[in-house]
Amino acid sequence: MDRTDTTAVRLCVSDAPAVSWEMAMAPEDDPRLLGEGEVYCFSTDGATGAFADARAWGPLQERFDRVMADSDADDGVPDAGSIFLVRTREPVSGAELAAFAVCSDGDHPVWVGRSADGDVVGVVVLIDRMPELAAP
């Protein structure tokens, strides 16, 4: 089956292979409260998601907002040639934010990949339904 649309966005944290995947959850999330087939997600009403350094979320969000409102080149540049809408960097800490388009408003599950040692090696955001994959 050939597909050309994007179904997920992946942040590669390490070259080590992921040997397990787990649902990303906030500290207050309790998986025991989920029903069959339910997962925790992030919600958007702007069809946008982002990977960002949480330690610098406030300054990064301010820079992102300025780029989107003013196209301020000092704060970051919209990238028309990629899935990323905007990439910006906070100069004091070096923290970065990469915002990307999702297919629609709504909820998007996030999965964390871990190495054999338990280290985070990747993060995947599902932005569209998962394709039905046929066996080769």
Side-chain angles (χ1 to χ4, degrees):
M1 170 178 185
D2 291 332
R3 288 188 65 104
T4 57
D5 55 329
T6 303
T7 59
V9 175
R10 178 179 72 131
L11 173 66
C12 182
V13 177
S14 168
D15 289 333
V19 298
S20 66
W21 290 91
E22 62 192 47
M23 178 180 19
M25 293 186 290
E28 65 274 10
D29 292 341
D30 184 345
R32 298 171 298 177
L33 300 177
L34 295 172
E36 181 72 27
E38 292 181 327
V39 295
Y40 286 106
C41 302
F42 78 88
S43 296
T44 178
D45 62 1
T48 304
F51 293 118
D53 186 326
R55 294 171 294 183
W57 177 249
L60 287 168
Q61 186 178 24
E62 290 171 11
R63 296 177 78 78
F64 173 81
D65 290 345
R66 284 196 302 268
V67 170
M68 296 308 289
D70 305 327
S71 295
D72 187 339
D74 290 335
D75 288 323
V77 179
D79 188 353
S82 79
I83 188 171
F84 292 101
L85 296 174
V86 172
R87 292 185 73 162
T88 188
R89 185 169 194 255
E90 201 283 316
V92 174
S93 67
E96 292 187 64
L97 176 145
F100 51 87
V102 295
C103 293
S104 63
D105 293 347
D107 301 323
H108 301 279
V110 180
W111 299 93
V112 177
R114 294 193 179 272
S115 70
D117 294 332
D119 296 328
V120 173
V121 296
V123 180
V124 172
V125 175
L126 299 181
I127 60 171
D128 196 8
R129 66 173 178 79
M130 286 302 293
E132 293 181 27
L133 302 177

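Sequential numbering from 1 along the given sequence is applied to the chain's residues. Keep in mind that this is a model prediction, so the values were computed, not measured.
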Engineer: Would you compute the distance between atom CG of L97 and atom CD of Q61 and round it to the nearest 0.5 angstrom?
Structural biologist: 8.5 Å
Engineer: So do the side chains of P31 and M25 get within less than 4.5 Å of each other, counting heavy atoms only?
Structural biologist: yes
Engineer: Keeping the roles fixed (side chain from Y40, backbone from V110), state whether a donor-acceptor pair exists under 3.5 Å.
Structural biologist: no
Engineer: Are the side chains of M23 and W111 in contact, using a 4.5 Å heavy-atom criterion?
Structural biologist: yes
Engineer: How far apart are the closest heavy atoms of V19 and A116, and which atoms are they?
Structural biologist: CG2-N, 3.5 Å
Engineer: Measure across A8 and I127 and return the closest heavy-atom pair with its distance rounded to 0.1 Å.
Structural biologist: N-CG1, 3.8 Å
Engineer: On a heavy-atom basis, which atom in V102 and which in G49 lie closest, and how many Å separate them?
Structural biologist: CG1-N, 4.2 Å
Engineer: Counting only heavy atoms not in D30, do more than 12 fall under 6.0 Å of its CG?
Structural biologist: yes
Engineer: Which atoms form the tightest heavy-atom contact between G46 and D105, and what is the distance?
Structural biologist: N-OD1, 3.4 Å
Engineer: Check L60 against E96 and note the closest heavy-atom contact, atom names and distance.
Structural biologist: CD1-O, 3.5 Å
Engineer: In Å, rounded to the nearest 0.5 Å, how long is the span from CD of E90 to CH2 of W57?
Structural biologist: 13.5 Å
Engineer: Which pair of heavy atoms, one from A16 and one from V121, lies closest together, and at what distance?
Structural biologist: O-CB, 3.6 Å
Engineer: Are there more than 12 heavy atoms of other residues, nucleotides or ligands under 6.0 Å from atom CD of E36?
Structural biologist: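 Counting neighbours around CD of E36, 12 or fewer heavy atoms of other residues, nucleotides or ligands fall under 6.0 Å, so no.
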Engineer: Short question: side chain of R63, backbone of R89 - any donor-acceptor pair under 3.5 Å?
Structural biologist: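 Yes; at least one donor-acceptor contact below 3.5 Å.
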Engineer: Given 3.5 Å as the limit, does a donor-acceptor pair link the side chain of D117 with the main chain of D119, or not?
Structural biologist: no
Engineer: Donor-acceptor check, side chain of H108 to backbone of F42, threshold 3.5 angstrom: yes or no?
Structural biologist: no
